[in-house]
Amino acid sequence: MGPGPVNAHPRVLRAMSADLLGQFDPEMTGYMNQVMALYRPVFGTGNRWTMLIDGTARAAIEASLVSLVEPGDRVLVLNFGRFGLLLTEILTRIGAVIETVDAPWGEVVPLDAVAAAIERSGPKLVACVHGDTSTTMAQPLDGLGALCRAAGALSYVDATATLGGMEIAADRWGVDVVTGGLQKCLGGPSGSAPITISDAAARHISARRHVERGIRRADIADGSGARIASNYFDLAMIMDYWSEKRLNHHTEATSMLYAARECARVALGEGLAARFARHAAAGRAMTAGLRAMGLTVFGDDAHRMTNVTGVFIPEGVDGERVRAAMRDHFEIEIGTAFGPLQGRIWRLGAMGYNAMKHKVLLTLGALEACLRMEGVTLPAGAAVAAALAAWEA
């Protein structure tokens, strides 16, 4: 019950146990086409280029940035937590000229501040995180795409922590590239990263296509732009792999494709609106229960992620000892924190297969018991009662 990874859905684990297929077997390429179709509604898009990157969520982040950005390009990063800093780290390695528009940890960046930063810096790309689990804040993104288009900039959004649990509206937001991961709200294992790419971004990426010598073909022409600096993360070649051209770029991670397919099938079978409501209820219940215990919840209520909640560790309490007690006595894991919040807050997740009423209640009851072991005086049973009421609200 931390900020991810979380327990995988049993259906996903069963899907992963199916036998392997050759990468160009018609059944395998049929599954690839199904995955593209299944993830379009999950991303809130009609984008043709909706597919998977083999690797953890960070693989899709890096593939996006290295394929969109050339050395010397100016990039604006919305920075309000650890994962905004990660975007800056990756862009620094690419050789981008980086501008940031910042908010304190626990807040988000106002849209007018983003607009002013775009006007000031004239970026070729605007990059941001949707939900940053380090701070538990979700950045509002309505209007971002319009600002970028008006400035002639492309846009990138990291939705690793929110895809499948909060609404992702790539088309309505007007953003160009959105990436995710399976291991959080989608209830799968880490190791495959869904991505969607707009037509505008696809044209920009394809202009940088330089197919490696050993797999060159007469029907795939190189672009006129600068070669993408990574071979494995070259989105131009990966797009050709997922297209009817089936360029032999790499061997698809078959079991992870089965997992990603089943994650999307589970999500769409539940219904996205119902799924978002379930995550919202879980987050609301977790927050209410923590407050009923007398604990202080971290961050801005107006922009809180529904699937992970930060809470201050009570004064004088050893946070790691409480986490160990939760694990040892109740077999429940909750999260620690990073950077300026390390040792100051716990992060409690309720996402994917774990965004269930009984799991939230068990976690709150266990935390109350472990805090009592540390000598903290708490109102007995108040957390569970408050969470029950909030779930139904």
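Note: hydrogens, waters and symmetry copies are ignored here, and every other heavy atom, side chains too, is used.
Here CE of M51 is found 11.5 Å from OG of S192. Values are rounded to the nearest 0.5 Å. Here the straight-line distance linking atom CG of L52 with atom CE of M256 works out to 8.5 Å at 0.5 Å rounding. Once rounded to the nearest 0.5 Å, the distance linking CG of L87 with CG of N79 reads 8.5 Å. Interatomic distance, CG of L235 versus CD1 of I205, reported as 5.0 Å (0.5 Å rounding). Atom SG of C263 is separated from atom CD of Q183 by 10.0 Å, given to the nearest 0.5 angstrom. Distance check: L65 CG to S230 OG gives 12.0 Å after rounding to the nearest 0.5 Å.
Ion pairing between a basic and an acidic side chain is recognised when a charged N comes within 4.0 Å of a carboxylate O; E392 and K357 show such pairing. Under the 4.0 Å criterion applied to side-chain N and carboxylate O atoms, R120 and E99 are not assigned as salt-bridge partners. Taking the charged nitrogens against the carboxylate oxygens, D222 and R216 do have a contact shorter than 4.0 Å, which makes a salt bridge. A salt bridge links R275 with E270: the closest approach of a Lys/Arg side-chain nitrogen to an acidic carboxylate oxygen falls below 4.0 angstrom. Using a 4.0 Å cut-off between charged nitrogen and carboxylate oxygen, D234 and R209 do not count as a salt-bridge pair. A salt bridge links D301 with R291: the closest approach of a Lys/Arg side-chain nitrogen to an acidic carboxylate oxygen falls below 4.0 angstrom. Salt bridge annotation for R48-D199: absent, with no cationic side-chain nitrogen under 4.0 angstrom from a carboxylate oxygen. Taking a cutoff of 4.0 Å between a charged side-chain nitrogen and a carboxylate oxygen, R93 and E89 qualify as a salt bridge.
Formation of a donor-acceptor pair under 3.5 Å by the R344 side chain with backbone atoms of F312 is not found in this model. Side chain of S67 to main chain of S64: no donor-acceptor pair is present (N/O by atom type, distance under 3.5 Å, no hydrogens or angles). Remark: side-chain polar atoms of R278 are paired, donor with acceptor, to backbone N or O of G352 under 3.5 angstrom. The main-chain N or O of T309 is never found under 3.5 Å from a side-chain atom of R304 such that the two would form a donor-acceptor pair. In this structure a side-chain-to-backbone donor-acceptor pair under 3.5 Å is present from D73 to E70. A donor-acceptor pair under 3.5 Å links the side-chain atoms of S134 to the main chain of R82, judged by distance alone.
For N47 and S198, the side-chain atoms include no donor-acceptor pair closer than 3.5 Å. Checked by atom type, the side-chain pair T45/D171 shows a donor-acceptor distance below 3.5 Å. Donor-acceptor pairing under 3.5 Å is lacking for the side chains of Y258 and E262. Side-chain contact of H130 with T162: a donor-acceptor pair under 3.5 Å is present, judged by distance alone.
Residue Q139 forms a side chain to side chain contact (heavy atoms under 4.5 Å, CB included) with just one option from V109, L111, L144, and that option is V109. The only option from L125, I94, I228 that meets the side chain to side chain contact (heavy atoms under 4.5 Å, CB included) definition with L68 turns out to be L125. Checking V126, V129, D102, T100 one by one against L78, the side chain to side chain contact (heavy atoms under 4.5 Å, CB included) holds for a single residue, V126.
By the 30° and 60° cut-offs, the orientation of the rings of Y232 relative to H249 is tilted.
Under the 4.5 Å side-chain criterion, counting only non-hydrogen atoms from C-beta, M351 is not in contact with L186. Residues P140 and H303 are in side-chain contact: their nearest non-hydrogen atoms beyond the backbone lie under 4.5 Å apart. With contacts defined as side-chain heavy-atom distances shorter than 4.5 Å, the pair L91/T88 does not qualify.
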query: Under the salt bridge (charged side-chain N to carboxylate O under 4.0 Å, His left out) criterion, do K245 and D219 qualify, and how do the steps go?
result: CA-CA 8 Å; K245 297 171 185 174; D219 63 327; over 6 Å; no
- request: Could you please spell out the steps behind the salt bridge (charged side-chain N to carboxylate O under 4.0 Å, His left out) verdict for R372 and E368?
  value: CA-CA 6 Å; R372 287 181 180 279; E368 178 183 318; 3.4 Å; yes
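The local environment of CD in E212 is crowded, with over 12 non-hydrogen atoms from other residues, nucleotides or ligands closer than 6.0 Å.
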